[in-house]
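Some notes on the structure that comes next.
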Amino acid sequence: MQKGDHLFLVDGSAYIFRAYHALPPLTRKSDGLPVGAVSGFCNMLWKLIEDARSTEVGVAPTHFAVIFDYSSTTFRNALYDQYKANREAPPKDLVPQFSLIRDAVRAFDLPCIEKEGYEADDLIATYTTQAVAAGGDVTIVSSDKDLMQLVGERVILYDQMKDKRLGPEEVKEKFGVYPEKMIDLQALVGDTSDNVPGVPGIGPKTAAQLLDEYGTLEALLERASEIKQTKRRENLIEFADQARLSKKLVTLDCETPLDTPLDDLFIHEPDGEKLVAFLKAMEFTTLTRRVAAALETDASEVERASLSVEGAPRGPDLDPVAANAPASGDTLFAATPQGLAERRREAATGEVIDRSAYETIRDAKTLRAWMDEAREAGILAFDTETSELSAYKGELVGVSFATRPGRAAYLPLAHVAADADLLSGPDEAETLGGQVPLGEALDILKPILEDPAILKIGQNVKYDLLVMLRHGVEMAPIDDTMLISYALDASNSLAGHGMDELSERFLGHKPISYKELCGTGRNAKPIAAVEIDKVTEYAAEDADVTLRLWRVLKSRLTAEGLAHVYERLERPLVPVLARMEERGIMVDRQILSRLSGRFAQKQAGLEAEIADMAGETFNPGSPKQLGEILFGKLGLPGGKKTKTGQWSTDVKVLEDLAAEGHELPSRIVEWRQLTKLKGTYTDALPNHMDEAGRIHTSFSMASTTTGRLSSSEPNLQNIPVRTEEGRAIRTAFVAPKGKKLVSADYSQIELRILAHIADIPQLKDAFRDGIDIHAMTASEMFGVPVEGMDPSVRRRAKAINFGIIYGISAFGLANQLAIPREEAGLYIRRYFERFPGIRDYMDETKAYAKKHGYVETLFGRRAHYPDIGAKNPQVRAFNERAAINAPIQGTAADIIRRAMIRMEPALAKAKLSARMLLQVHDELVFEVEEAEVDETITVVKNVMEAAAGPRVEISVPLVVEAAAATNWEEAH
DNA sequence: CGCTCCTAACC
DNA sequence: AGGTTAGGAGCGA
């Protein structure tokens, strides 16, 4: 080896496990031999060789080897008998594959290196050291952190799965230290999977920071007594020897005696016939074809090789579920809605779900037959499977249907061979039968999905609506089992409205979960690459379960008097929200990046100040470390502790300290605010932008107890507004050229609703007369005139008004106003004296909730509080406050929902092109043609202000304030 | 990698 | 003090 040469070292053992875990466990050869890991391994290796063959000289490997662990006992066990002691034995079906994988490496004509008493890592370390000494470059194909210590100027780690290369800078970024200090860092942190003990309580962040400060592990251990944090100091002293032992365990041996000298690793073209013979024997059809083509070998001329292992253990065959229960119908006349609902419920719990009865639709003719069935039934449970979880970018992979319980099918549309990605599974021909071409399928589906006579039933149907919308299909009419469940059972303690939960609750059946189907994290694979038969079971089951749930739940709506809530507040909002999500809001990337830079600068400055004041560098973002500095090292008076017994360091605590003249806490508060703004907004938002520069949030209609919407991925309902720096972020939300953003928000809507519901004359009068409501409250309570009122008096009244909405407690008010609890109690008593209606409302609401188990908004939406009678006074009081708040918050939520539902027709009627983009609880944001701004504002205000009527006549006016500007900050 | 805890952004 | 979602730290499998 010489300068300019490039050695590739593949960490074979790690490769095996990655290949094994990345593939479904049941990949087998025709004789039952498990070969999933071999298959994955060969594909990864071939990919690497292919890349190398096509890469330019100088980067491509000149030397190449695959390194394996030889056995589990190494020289490290002599140092520490517990080393890797808790490693589990490899999975049974993997064991017979080990020798096959070595055969594979030989078939590729690559050196297969292993040595008794050493780990693969030691051999890698030794070859690396020698290659660098000879002037060569090294690429280690692995992502094991134990190998990071080898990284250097000429040595990189290559993570093939993620296609990421790690040099010294990347190591530093990942672990906080350069590779030279990795050994010391690992010695401190330890490694649970290898049983390397390390020092308790020290994680990677702390370790990096300590090494940064003290230089080396040895220096740190010697000067451990200087550490300020009590627990950390004690641990470093007590476990110093353990750290030294750990260091020996994690240090790789660079002087392993080598049986194959470095120069013998010189690469050469694999022998086509030999390799093809092996791959054929393994029945890797696709890979055989590829390799044969690349190496110009005629596969049909080559015979299968004989393998070193034959007929290894066969896996147990899965017993298919035999029972096939008949679908239950409404055979008896149901005299009342309650009777029907009850019988449906009973029937559903007894049904058995047979996945083997589901069909896979492979041709247009069968699909048409299914659509005929839907037409006949008048209903179609419908579910889409997409390539990504977010509806606005996921591609359609397949759709499933159900027309009656047990009668369900899956239509694959864009499935690919399981080995379309790097890791090979079974071959194309085995898994992919025919698929109806997407265009043809849509032509058949569209008339049904848009047929007003056929009800499309979905679970979270907004998702499917969005997906189909992007394929030019406007699904209608729709029903949504999730929303029916939500209208029926919204609660702060009962389970949610996800399909799996509903199925278990109402059908007593646990459906295949998405995780089971596709795996999670590193092992996750796209649903398009999962075998179609499995997806059929999963997807058709979803449609089947949705249909069964619909039968149970829909009948309850009438029986329980909730049809109005569902029909007027839930169902019609679905397409409205789908369109809002699809539109997205335009964001100016430049503004965000400028802000981000500014924040970064300020942040760095603050960090320096903080380190200076603390006398050491630490992570201000770690409440644990911060607590130790403030209350341990600096000895400041610590106040609260959190649930877990740690010092609390929330804003309140820090601001109290700051008020006493301590500088550090106020710097921390600033740092936190800045870090939050940067991390959550200026840095994160650009990742959510599409090609057109727009952000599409996802609104959830069923995740709050009260009827409010929520927004996620990203959450656009918590964009900063309080501070000036925060508001700057809003300036990045803009209208495109020629348009304006219009923001319209209800003024004091919850207080107005309270005034109406509790029937408080003074409050109602004040709202009718347009008087400052908080000043009026203050004047009533403290007997001071509104004119020339001390702002702090008004502030107190304002806090009380909000407190009332939240189901006030002396504790909460005292906290908010930073006054003694007795004083807060006094305020509350006086408030009740002045506004006795409020106390009556609270008492009545509590009594109602206890009696019925739920409370209602003015529009009949229910929020359930099953724990309101709890023995535990804290739990009970919490439920009482929530029950007091829910009708107020919920009525406001209902009103804005009604406004949103009416908005689009109202705008259309006025021939306005304004498009509604966002909802933020009491605010709606629109994108409006400049020329139409004034007219739009008029329509928007009218719709919003009149939204409660005619069903509910609120006895105070609802007032909406609206403004237009080029960005959200100025419009708000 | 997934979970809990803590903190903080919004109405 | 009512209703939310997100991100970082730390821990354990």
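Chain letters run A, B, ... following the sequence lines, proteins first, then strands; residues in each count from 1. Just so you know, these numbers use all the heavy atoms, side chains as well, and skip hydrogens, waters and symmetry mates.
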Hey, does [X] reach any base, or is it just sugar-phosphate, or nothing, if we go heavy atoms under 4.0 Å?
{"X": "A:T675", "value": "nothing"}
{"X": "A:N715", "value": "sugar-phosphate"}
{"X": "A:A893", "value": "nothing"}
{"X": "A:G807", "value": "nothing"}
{"X": "A:I888", "value": "nothing"}
{"X": "A:A877", "value": "nothing"}
{"X": "A:K676", "value": "base"}
{"X": "A:R881", "value": "sugar-phosphate"}
{"X": "A:E750", "value": "nothing"}

Please check this pair: side chain of [X] against backbone of [Y], looking for a donor-acceptor N/O pair closer than 3.5 Å.
{"X": "A:R898", "Y": "A:A947", "answer": "yes"}
{"X": "A:R862", "Y": "A:A490", "answer": "no"}
{"X": "A:R897", "Y": "A:G707", "answer": "yes"}
{"X": "A:T206", "Y": "A:I202", "answer": "no"}

Distance in angstrom units between [X] [atom1] and [N] [atom2], rounded:
{"X": "A:Q209", "N": "C:dA9", "atom1": "CD", "atom2": "P", "result": "11 Å"}
{"X": "A:D650", "N": "C:dA1", "atom1": "CG", "atom2": "P", "result": "12 Å"}
{"X": "A:E923", "N": "B:dC10", "atom1": "CD", "atom2": "P", "result": "12 Å"}
{"X": "A:N879", "N": "C:dG3", "atom1": "CG", "atom2": "P", "result": "9 Å"}
{"X": "A:L674", "N": "C:dG8", "atom1": "CG", "atom2": "C1'", "result": "16 Å"}
{"X": "A:R727", "N": "B:dC11", "atom1": "CZ", "atom2": "C1'", "result": "16 Å"}
{"X": "A:H921", "N": "C:dG3", "atom1": "NE2", "atom2": "P", "result": "13 Å"}
{"X": "A:I896", "N": "B:dC11", "atom1": "CD1", "atom2": "C1'", "result": "10 Å"}

So if I take every side-chain heavy atom of [X] and compare against [options], which nucleotide ends up nearest?
{"X": "A:T705", "options": "B:dA8, C:dG3, B:dT7", "result": "C:dG3"}
{"X": "A:T706", "options": "C:dA9, C:dG3, C:dA6", "result": "C:dG3"}
{"X": "A:P623", "options": "B:dT7, C:dG10, B:dC11", "result": "B:dT7"}
{"X": "A:S809", "options": "B:dC10, C:dA1, B:dT7", "result": "C:dA1"}
{"X": "A:Q889", "options": "C:dG3, C:dG7, B:dC11", "result": "C:dG3"}
{"X": "A:L813", "options": "C:dA1, B:dC10, C:dG10", "result": "C:dA1"}
{"X": "A:A799", "options": "C:dA1, C:dT5, C:dG2", "result": "C:dA1"}
{"X": "A:Y681", "options": "B:dA9, C:dG3, C:dT5", "result": "B:dA9"}
{"X": "A:T704", "options": "B:dA9, C:dA1, C:dG3", "result": "C:dG3"}
{"X": "A:Q625", "options": "C:dG2, C:dA1, C:dG10", "result": "C:dG10"}

Does the gap between the ring centers of A:Y831 and A:F835 come in under 6.0 Å? yes
Is [X] salt-bridged to [Y], cutoff N-O under 4.0 Å?
{"X": "A:E570", "Y": "A:R861", "result": "yes"}
{"X": "A:D159", "Y": "A:K164", "result": "no"}
{"X": "A:E750", "Y": "A:R708", "result": "yes"}
{"X": "A:E724", "Y": "A:R727", "result": "no"}

Compile the donor-acceptor pairs under 3.5 Å between side chains in residues 806-815 of chain A and protein atoms, sequence neighbours left out, one pair per line.
{"from": "A:S809", "atom 1": "OG", "to": "A:G812", "atom 2": "N", "distance (Å)": "2.9"}

OP1 or OP2 of [N] sitting under 4.0 Å from any side-chain N/O of [X]?
{"X": "A:T649", "N": "B:dC6", "result": "no"}
{"X": "A:T680", "N": "C:dT5", "result": "no"}
{"X": "A:R708", "N": "C:dG3", "result": "no"}

Report, as yes or no, whether the 6.0 Å neighbourhood of atom CZ on A:R821 holds more than 12 heavy atoms from other residues, nucleotides or ligands. no
Give me the distances for all protein-to-nucleotides 11-13 of chain C N/O pairs that come in under 3.5 Å?
{"from": "C:dC11", "atom 1": "OP1", "to": "A:K624", "atom 2": "NZ", "distance (Å)": "3.3"}

For the base of C:dG2 and the side-chain ring of A:Y806, does the geometry meet a stacking cutoff of under 5.5 Å between centres and under 30° between planes? yes
Find the distance between CD (A:E713) and OG (A:S698) and round it off to the nearest 0.5 Å. 6.5 Å
Any donor-acceptor pair, under 3.5 Å, between the side chain of A:R722 and the base of B:dC10, if you only look at N and O atoms? no
For nucleotides 3-5 of chain B, which of its nitrogen or oxygen atoms have a protein nitrogen or oxygen under 3.5 Å away, and what is each distance?
{"from": "B:dC5", "atom 1": "O3'", "to": "A:T644", "atom 2": "OG1", "distance (Å)": "3.4"}

